[in-house]
Amino acid sequence: MNQIELLHHYTATTCVALSVFPESRDLWRVAIPKIAFSNPFLLHGILCLAACHIWQSPSPGQDLMEYDNIAKAHYTTALSTFCPMLDQINEQNAAPVVAFSMLVVLLSMGMPPSNSSETMTPLSYAQYMAGVIRLVRGVRQVLDECTPFIKGSLFTPILDVDHAKDTEALGFEAEAAMRYIEQRIHSDISPPSLRNEYLEATHFLRDCNPRRNLEVEHQTIILAWPAMIPAHFFEEIQEGKPIAVAIFMFFGVLLDILRFIWWSGDKGKKLVEAAAEVLPSGWESVIVWAKMRVGLPCDFPGPPVVLRPLIETLVEVHR
(Lines give C-alpha, C1' and ligand atoms only; values in the text may rest on other atoms or scores of the structure.)
Protein backbone atom coordinates (compact mmCIF):
# COMPACT_ATOMS: atom_id res chain seq x y z
CA MET A 1 0.00 0.00 0.00
CA ASN A 2 1.47 3.38 -0.96
CA GLN A 3 1.49 6.55 1.11
CA ILE A 4 -1.45 8.15 -0.72
CA GLU A 5 -3.65 5.15 0.06
CA LEU A 6 -2.63 5.22 3.72
CA LEU A 7 -3.28 8.95 3.93
CA HIS A 8 -6.70 8.46 2.35
CA HIS A 9 -7.51 5.75 4.91
CA TYR A 10 -6.44 8.11 7.71
CA THR A 11 -8.57 11.06 6.57
CA ALA A 12 -11.59 8.93 5.63
CA THR A 13 -11.64 6.47 8.52
CA THR A 14 -8.92 6.59 11.18
CA CYS A 15 -9.29 10.23 12.18
CA VAL A 16 -13.03 9.79 12.73
CA ALA A 17 -12.30 7.52 15.71
CA LEU A 18 -9.87 10.10 17.09
CA SER A 19 -12.35 12.97 17.11
CA VAL A 20 -13.68 12.42 20.61
CA PHE A 21 -14.88 16.04 20.81
CA PRO A 22 -16.77 17.89 18.07
CA GLU A 23 -14.19 20.68 18.37
CA SER A 24 -11.37 18.24 17.53
CA ARG A 25 -12.73 16.95 14.21
CA ASP A 26 -11.05 19.62 12.11
CA LEU A 27 -7.88 19.22 14.16
CA TRP A 28 -7.42 15.52 13.31
CA ARG A 29 -8.81 15.59 9.78
CA VAL A 30 -7.49 18.91 8.47
CA ALA A 31 -5.06 20.75 10.73
CA ILE A 32 -2.74 17.89 11.72
CA PRO A 33 -2.34 16.52 8.17
CA LYS A 34 -1.60 20.07 7.00
CA ILE A 35 1.09 20.44 9.68
CA ALA A 36 2.45 17.01 8.69
CA PHE A 37 3.18 18.07 5.09
CA SER A 38 5.99 20.31 6.38
CA ASN A 39 7.06 17.96 9.21
CA PRO A 40 8.03 14.52 7.86
CA PHE A 41 8.13 12.83 11.27
CA LEU A 42 4.47 13.73 11.82
CA LEU A 43 3.53 12.50 8.34
CA HIS A 44 5.22 9.18 9.08
CA GLY A 45 3.31 9.05 12.37
CA ILE A 46 -0.01 9.52 10.55
CA LEU A 47 0.85 6.84 8.00
CA CYS A 48 1.91 4.50 10.80
CA LEU A 49 -1.39 5.05 12.61
CA ALA A 50 -3.36 4.33 9.43
CA ALA A 51 -1.42 1.09 8.90
CA CYS A 52 -2.05 0.10 12.53
CA HIS A 53 -5.75 0.79 12.09
CA ILE A 54 -5.90 -1.46 9.04
CA TRP A 55 -3.89 -4.14 10.88
CA GLN A 56 -6.32 -4.03 13.81
CA SER A 57 -9.45 -4.02 11.59
CA PRO A 58 -8.50 -5.73 8.32
CA SER A 59 -10.79 -6.30 5.38
CA PRO A 60 -11.06 -9.82 3.97
CA GLY A 61 -7.98 -10.83 2.02
CA GLN A 62 -5.67 -8.12 3.42
CA ASP A 63 -2.16 -9.25 4.36
CA LEU A 64 -1.69 -8.51 8.07
CA MET A 65 2.07 -9.03 7.91
CA GLU A 66 2.32 -6.36 5.21
CA TYR A 67 0.65 -3.75 7.41
CA ASP A 68 2.65 -4.90 10.42
CA ASN A 69 5.86 -4.19 8.48
CA ILE A 70 4.55 -0.91 7.05
CA ALA A 71 3.51 0.37 10.47
CA LYS A 72 6.85 -0.49 12.07
CA ALA A 73 8.84 1.04 9.22
CA HIS A 74 6.98 4.37 9.43
CA TYR A 75 7.24 4.35 13.24
CA THR A 76 11.00 3.80 13.16
CA THR A 77 11.48 6.57 10.61
CA ALA A 78 9.25 8.97 12.55
CA LEU A 79 11.08 8.42 15.84
CA SER A 80 14.50 8.90 14.27
CA THR A 81 13.63 12.50 13.35
CA PHE A 82 11.24 13.26 16.21
CA CYS A 83 13.47 12.40 19.18
CA PRO A 84 16.21 15.00 18.41
CA MET A 85 13.54 17.74 18.41
CA LEU A 86 12.74 17.09 22.08
CA ASP A 87 15.95 18.92 23.04
CA GLN A 88 14.91 22.10 21.23
CA ILE A 89 11.17 22.63 21.65
CA ASN A 90 10.15 26.15 20.69
CA GLU A 91 7.25 28.15 19.32
CA GLN A 92 7.94 26.99 15.75
CA ASN A 93 7.97 23.24 16.37
CA ALA A 94 5.66 22.91 19.39
CA ALA A 95 2.52 22.18 17.32
CA PRO A 96 3.99 19.24 15.34
CA VAL A 97 5.68 17.91 18.48
CA VAL A 98 2.36 17.95 20.36
CA ALA A 99 0.53 16.35 17.43
CA PHE A 100 3.06 13.54 17.16
CA SER A 101 3.09 13.05 20.93
CA MET A 102 -0.66 12.49 20.89
CA LEU A 103 -0.19 9.98 18.07
CA VAL A 104 2.41 8.16 20.18
CA VAL A 105 -0.23 7.57 22.87
CA LEU A 106 -2.47 5.86 20.32
CA LEU A 107 0.41 4.05 18.63
CA SER A 108 1.59 2.67 21.96
CA MET A 109 -1.81 1.00 22.28
CA GLY A 110 -2.42 0.15 18.62
CA MET A 111 0.98 -0.99 17.31
CA PRO A 112 1.29 -4.69 16.48
CA PRO A 113 3.16 -6.34 19.40
CA SER A 114 6.54 -7.97 18.81
CA ASN A 115 5.15 -11.23 20.20
CA SER A 116 1.59 -12.48 20.04
CA SER A 117 -0.27 -11.92 23.30
CA GLU A 118 -1.45 -15.51 22.99
CA THR A 119 2.10 -16.77 23.57
CA MET A 120 2.87 -14.51 26.54
CA THR A 121 2.73 -15.69 30.13
CA PRO A 122 0.32 -13.75 32.39
CA LEU A 123 3.21 -11.86 34.02
CA SER A 124 4.88 -11.09 30.68
CA TYR A 125 1.59 -9.70 29.32
CA ALA A 126 1.19 -7.46 32.40
CA GLN A 127 4.80 -6.34 31.92
CA TYR A 128 4.17 -5.70 28.22
CA MET A 129 1.12 -3.55 29.02
CA ALA A 130 3.08 -1.68 31.70
CA GLY A 131 5.68 -0.85 29.05
CA VAL A 132 2.97 0.27 26.64
CA ILE A 133 1.30 2.69 29.01
CA ARG A 134 4.62 3.92 30.38
CA LEU A 135 5.03 5.68 27.03
CA VAL A 136 1.91 7.69 27.88
CA ARG A 137 3.65 9.07 30.94
CA GLY A 138 6.61 10.19 28.83
CA VAL A 139 4.23 11.94 26.45
CA ARG A 140 2.73 13.90 29.33
CA GLN A 141 6.15 15.40 30.08
CA VAL A 142 6.54 16.49 26.47
CA LEU A 143 3.07 18.07 26.44
CA ASP A 144 3.83 19.96 29.65
CA GLU A 145 6.94 21.43 28.05
CA CYS A 146 4.98 22.49 24.97
CA THR A 147 2.03 23.98 26.85
CA PRO A 148 3.29 27.62 26.90
CA PHE A 149 3.50 27.58 23.10
CA ILE A 150 0.07 26.07 22.31
CA LYS A 151 -2.32 27.79 24.73
CA GLY A 152 -5.47 28.87 22.97
CA SER A 153 -4.70 26.70 19.94
CA LEU A 154 -6.73 23.94 18.29
CA PHE A 155 -5.12 21.48 20.73
CA THR A 156 -6.80 23.03 23.75
CA PRO A 157 -10.06 20.97 23.71
CA ILE A 158 -8.06 17.72 23.82
CA LEU A 159 -5.46 18.71 26.39
CA ASP A 160 -7.68 20.60 28.85
CA VAL A 161 -10.03 17.80 29.93
CA ASP A 162 -10.48 18.06 33.70
CA HIS A 163 -10.07 14.47 34.87
CA ALA A 164 -10.87 15.43 38.46
CA LYS A 165 -14.15 17.26 37.91
CA ASP A 166 -16.21 14.21 38.89
CA THR A 167 -17.15 14.56 42.56
CA GLU A 168 -19.73 11.78 42.41
CA ALA A 169 -18.73 8.68 44.40
CA LEU A 170 -17.68 5.51 42.63
CA GLY A 171 -20.16 2.68 42.28
CA PHE A 172 -20.52 0.47 45.36
CA GLU A 173 -18.47 -2.47 44.04
CA ALA A 174 -15.74 -0.26 42.56
CA GLU A 175 -15.54 1.70 45.82
CA ALA A 176 -15.29 -1.53 47.80
CA ALA A 177 -12.48 -2.83 45.56
CA MET A 178 -10.60 0.46 45.81
CA ARG A 179 -10.99 0.63 49.59
CA TYR A 180 -9.73 -2.94 49.92
CA ILE A 181 -6.65 -2.14 47.83
CA GLU A 182 -5.98 1.00 49.88
CA GLN A 183 -6.35 -0.99 53.08
CA ARG A 184 -3.73 -3.45 51.85
CA ILE A 185 -1.43 -0.56 50.92
CA HIS A 186 -1.59 0.82 54.46
CA SER A 187 -0.97 -2.59 56.03
CA ASP A 188 1.55 -4.13 53.61
CA ILE A 189 3.62 -1.39 51.93
CA SER A 190 6.69 0.22 53.46
CA PRO A 191 8.64 2.49 53.72
CA PRO A 192 6.25 5.46 53.90
CA SER A 193 7.67 7.00 50.72
CA LEU A 194 6.75 3.90 48.70
CA ARG A 195 3.37 3.70 50.44
CA ASN A 196 2.67 7.26 49.35
CA GLU A 197 3.49 6.38 45.73
CA TYR A 198 0.96 3.56 45.84
CA LEU A 199 -1.68 5.78 47.43
CA GLU A 200 -0.99 8.44 44.80
CA ALA A 201 -1.60 5.83 42.09
CA THR A 202 -4.98 4.88 43.62
CA HIS A 203 -5.91 8.54 44.14
CA PHE A 204 -5.41 9.28 40.45
CA LEU A 205 -7.17 6.06 39.50
CA ARG A 206 -10.24 7.36 41.33
CA ASP A 207 -10.05 10.62 39.38
CA CYS A 208 -9.74 8.75 36.07
CA ASN A 209 -12.68 6.43 36.70
CA PRO A 210 -15.49 7.85 34.52
CA ARG A 211 -18.76 8.35 36.44
CA ARG A 212 -20.75 10.34 33.91
CA ASN A 213 -22.37 9.22 30.69
CA LEU A 214 -20.03 11.16 28.43
CA GLU A 215 -18.42 8.48 26.30
CA VAL A 216 -16.62 11.06 24.18
CA GLU A 217 -14.45 11.98 27.16
CA HIS A 218 -13.80 8.49 28.48
CA GLN A 219 -10.69 7.72 26.46
CA THR A 220 -9.08 11.01 27.43
CA ILE A 221 -9.95 10.59 31.12
CA ILE A 222 -8.88 6.95 31.37
CA LEU A 223 -5.58 7.43 29.52
CA ALA A 224 -4.74 10.31 31.86
CA TRP A 225 -3.91 7.81 34.65
CA PRO A 226 -0.63 6.49 33.21
CA ALA A 227 0.49 10.08 32.67
CA MET A 228 0.03 11.02 36.33
CA ILE A 229 1.31 8.09 38.39
CA PRO A 230 4.88 8.07 39.80
CA ALA A 231 7.49 6.64 37.42
CA HIS A 232 8.70 4.13 40.00
CA PHE A 233 5.25 2.55 40.13
CA PHE A 234 5.83 1.00 36.71
CA GLU A 235 8.85 -0.84 38.12
CA GLU A 236 6.65 -2.28 40.86
CA ILE A 237 4.33 -3.65 38.17
CA GLN A 238 7.23 -5.02 36.16
CA GLU A 239 8.48 -6.88 39.24
CA GLY A 240 5.06 -8.41 39.78
CA LYS A 241 4.44 -6.81 43.20
CA PRO A 242 0.93 -7.98 44.15
CA ILE A 243 -0.61 -4.66 45.19
CA ALA A 244 0.83 -2.89 42.13
CA VAL A 245 -0.59 -5.66 39.93
CA ALA A 246 -3.98 -5.33 41.68
CA ILE A 247 -4.03 -1.59 40.98
CA PHE A 248 -3.05 -2.28 37.38
CA MET A 249 -5.89 -4.79 37.14
CA PHE A 250 -8.29 -2.03 38.25
CA PHE A 251 -6.93 0.06 35.39
CA GLY A 252 -7.63 -2.90 33.10
CA VAL A 253 -11.29 -2.67 34.14
CA LEU A 254 -11.32 0.99 33.08
CA LEU A 255 -9.49 0.25 29.85
CA ASP A 256 -12.16 -2.32 29.00
CA ILE A 257 -14.68 0.56 28.86
CA LEU A 258 -12.86 1.52 25.66
CA ARG A 259 -13.12 -1.97 24.13
CA PHE A 260 -15.14 -0.67 21.17
CA ILE A 261 -12.32 1.66 20.10
CA TRP A 262 -10.00 -0.03 17.60
CA TRP A 263 -6.70 0.73 19.35
CA SER A 264 -7.99 -0.57 22.69
CA GLY A 265 -9.99 -3.65 21.75
CA ASP A 266 -9.69 -6.45 24.28
CA LYS A 267 -6.52 -5.15 25.95
CA GLY A 268 -8.39 -4.28 29.15
CA LYS A 269 -9.95 -7.73 29.42
CA LYS A 270 -6.63 -9.43 28.68
CA LEU A 271 -4.92 -7.28 31.30
CA VAL A 272 -7.49 -8.28 33.93
CA GLU A 273 -7.13 -11.92 32.96
CA ALA A 274 -3.33 -11.77 33.16
CA ALA A 275 -3.29 -9.89 36.47
CA ALA A 276 -5.75 -12.38 37.95
CA GLU A 277 -3.30 -15.20 37.16
CA VAL A 278 -0.36 -13.30 38.67
CA LEU A 279 -2.02 -12.29 41.96
CA PRO A 280 -1.46 -14.69 44.88
CA SER A 281 -4.00 -16.04 47.34
CA GLY A 282 -5.76 -13.33 49.33
CA TRP A 283 -6.85 -11.28 46.33
CA GLU A 284 -9.81 -13.42 45.29
CA SER A 285 -12.44 -10.79 46.08
CA VAL A 286 -10.82 -8.11 43.91
CA ILE A 287 -10.18 -10.64 41.15
CA VAL A 288 -13.82 -11.72 41.08
CA TRP A 289 -15.01 -8.11 40.97
CA ALA A 290 -12.64 -7.29 38.09
CA LYS A 291 -13.51 -10.42 36.12
CA MET A 292 -17.23 -9.79 36.52
CA ARG A 293 -16.79 -6.22 35.28
CA VAL A 294 -15.06 -7.28 32.05
CA GLY A 295 -17.17 -10.38 31.41
CA LEU A 296 -14.64 -13.08 32.29
CA PRO A 297 -15.71 -16.36 33.90
CA CYS A 298 -14.89 -16.80 37.62
CA ASP A 299 -13.47 -20.05 38.95
CA PHE A 300 -13.91 -19.12 42.60
CA PRO A 301 -16.88 -19.95 44.86
CA GLY A 302 -20.09 -17.96 44.41
CA PRO A 303 -19.37 -14.23 44.02
CA PRO A 304 -21.41 -13.21 47.11
CA VAL A 305 -19.08 -15.33 49.27
CA VAL A 306 -15.85 -14.23 47.63
CA LEU A 307 -16.84 -10.55 47.62
CA ARG A 308 -17.42 -10.59 51.36
CA PRO A 309 -13.99 -9.00 52.19
CA LEU A 310 -14.88 -6.01 50.00
CA ILE A 311 -18.25 -5.56 51.70
CA GLU A 312 -16.65 -5.87 55.15
CA THR A 313 -14.13 -3.21 54.16
CA LEU A 314 -16.90 -0.73 53.38
CA VAL A 315 -18.82 -1.62 56.54
CA GLU A 316 -15.71 -1.01 58.64
CA VAL A 317 -15.11 2.36 56.99
CA HIS A 318 -18.65 3.57 57.68
CA ARG A 319 -18.84 2.51 61.33
Side-chain angles (χ1 to χ4, degrees), residues 108-109 113 115-137 170-171 173-185 187-189 194 197-206 208-210 222-226 228-259 263-301 303 306-307 309-310 313:
S108 67
M109 300 292 292
N115 299 309
S116 170
S117 60
E118 305 300 328
T119 64
M120 297 182 189
T121 65
L123 179 58
S124 64
Y125 186 77
Q127 292 170 333
Y128 159 72
M129 285 299 296
V132 166
I133 69 165
R134 191 168 192 167
L135 285 174
V136 180
R137 190 179 188 281
L170 300 180
E173 292 176 353
E175 181 65 32
M178 184 64 77
R179 294 283 182 94
Y180 182 79
I181 292 172
E182 290 170 340
Q183 186 182 75
R184 293 291 296 266
I185 292 172
S187 63
D188 298 356
I189 300 297
L194 182 59
E197 286 190 6
Y198 272 72
L199 291 172
E200 190 174 357
T202 59
H203 169 75
F204 288 133
L205 197 55
R206 284 177 178 278
C208 296
N209 192 334
I222 291 170
L223 289 181
W225 182 73
M228 297 186 293
I229 59 178
H232 181 257
F233 187 75
F234 288 100
E235 297 174 16
E236 298 287 294
I237 298 172
Q238 295 278 4
E239 294 174 11
K241 300 295 180 64
I243 298 180
V245 172
I247 295 171
F248 202 32
M249 182 169 66
F250 197 116
F251 174 72
V253 172
L254 301 188
L255 189 59
D256 189 62
I257 295 173
L258 308 180
R259 60 188 175 277
W263 49 258
S264 181
D266 62 356
K267 290 183 177 65
K269 178 181 285 190
K270 285 185 175 180
L271 177 54
V272 169
E273 188 173 31
E277 291 293 325
V278 172
L279 287 171
S281 176
W283 287 97
E284 289 82 1
S285 57
V286 177
I287 291 172
V288 167
W289 167 78
K291 283 188 167 185
M292 290 173 65
R293 283 293 302 271
V294 301
L296 286 169
C298 299
D299 300 325
F300 299 111
V306 180
L307 292 174
L310 303 189
T313 299

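What you see is a predicted model; the values in this text were computed from it and never measured. The basis for the numbers below is simple: all heavy atoms, side chains too, and nothing from hydrogens, waters or symmetry mates. Numbers for residues simply follow the sequence, beginning at 1.
Remark: side-chain polar atoms of Q127 are not paired, donor with acceptor, to backbone N or O of Y125 under 3.5 angstrom. Looking only at distances, no side-chain donor or acceptor of R179 sits under 3.5 Å from a matching main-chain atom of A176.
For CZ of R293, the number of neighbouring non-hydrogen atoms (other residues, nucleotides, ligands) closer than 6.0 Å is 12 at most.
Note that NZ of K269 and CG of L255 are 12.5 Å apart. Values are rounded to the nearest 0.5 Å. The line from CZ of R134 to CD1 of I229 is 9.0 Å long, rounded to the nearest 0.5 Å. One finds the CD atom of E277 at 8.5 Å from the CD1 atom of I287 (value rounded to the nearest 0.5 Å). Distance check, rounded to the nearest 0.5 Å: CD1 of I247 to CE of M178 gives 7.5 Å. Rounded to the nearest 0.5 Å, atoms CH2 (W263) and CG (L223) are 4.5 Å apart. To the nearest 0.5 Å, atoms NZ (K270) and CD (E273) are separated by 8.5 Å.
Considering only heavy atoms from C-beta on, K291 stays 4.5 Å or farther from M249 through its side chain. The shortest side-chain heavy-atom distance between T202 and F250 does not fall under the 4.5 Å cut-off. In this structure, K267 and V132 have side chains that are not in contact, with every pair of non-hydrogen atoms separated by 4.5 Å or more. Proximity of L199 to I189: side-chain heavy atoms (C-beta onward) are nowhere separated by under 4.5 Å. Between I257 and I222, some side-chain heavy-atom pair lies under the 4.5 Å cut-off.
Ring-plane geometry between W283 and Y180 is classed as perpendicular, the angle between the planes exceeding 60 degrees on a 0 to 90 degree scale with a lower cut at 30.
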Derivation of the side chain to side chain contact (heavy atoms under 4.5 Å, CB included) call for L194 and H232:
CA-CA 9 Å; L194 182 59; H232 181 257; 3.7 Å; yes
Before you tell me yes or no, could you show the steps for F234 and I133 under side chain to side chain contact (heavy atoms under 4.5 Å, CB included), namely the whole-Å CA-CA distance, both residues' side-chain angles and the distance that decides it to 0.1 Å?
CA-CA 9 Å; F234 288 100; I133 69 165; 3.5 Å; yes
Start with the C-alpha distance between M129 and F248, add both sets of side-chain angles, then the distance that settles side chain to side chain contact (heavy atoms under 4.5 Å, CB included), and finish with yes or no.
CA-CA 9 Å; M129 285 299 296; F248 202 32; 3.9 Å; yes
For side chain to side chain contact (heavy atoms under 4.5 Å, CB included), just list the numbers for I181 and Y198, CA-CA rounded to whole Å, side-chain angles, deciding distance to a tenth of an Å, and then say yes or no.
CA-CA 10 Å; I181 292 172; Y198 272 72; over 6 Å; no
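In this structure, L271 and G252 approach most closely via the heavy-atom pair CD2-CA, 3.7 Å. Minimum heavy-atom separation, L123 to G240: CD1-CA, 4.0 Å. When all heavy atoms of R137 and P226 are compared, the pair lying nearest together is CB-O, 3.2 Å. Residues C208 and M228 share a closest heavy-atom pair of SG-CE, 3.2 Å. Of all non-hydrogen atoms in P280 and P242, the two that sit nearest each other are CD-CB, 3.9 Å. Heavy atoms only, all atoms of each residue included: V245 and I237 are closest at CG2-O, 4.5 Å.
Listed by chain and number, the residues in a salt bridge (Lys or Arg N to Asp or Glu O under 4.0 Å) with K241 are E236, E239 (sequence neighbours excluded). Partners of E182 by salt bridge (Lys or Arg N to Asp or Glu O under 4.0 Å), not counting sequence neighbours, listed by chain and number: R206.
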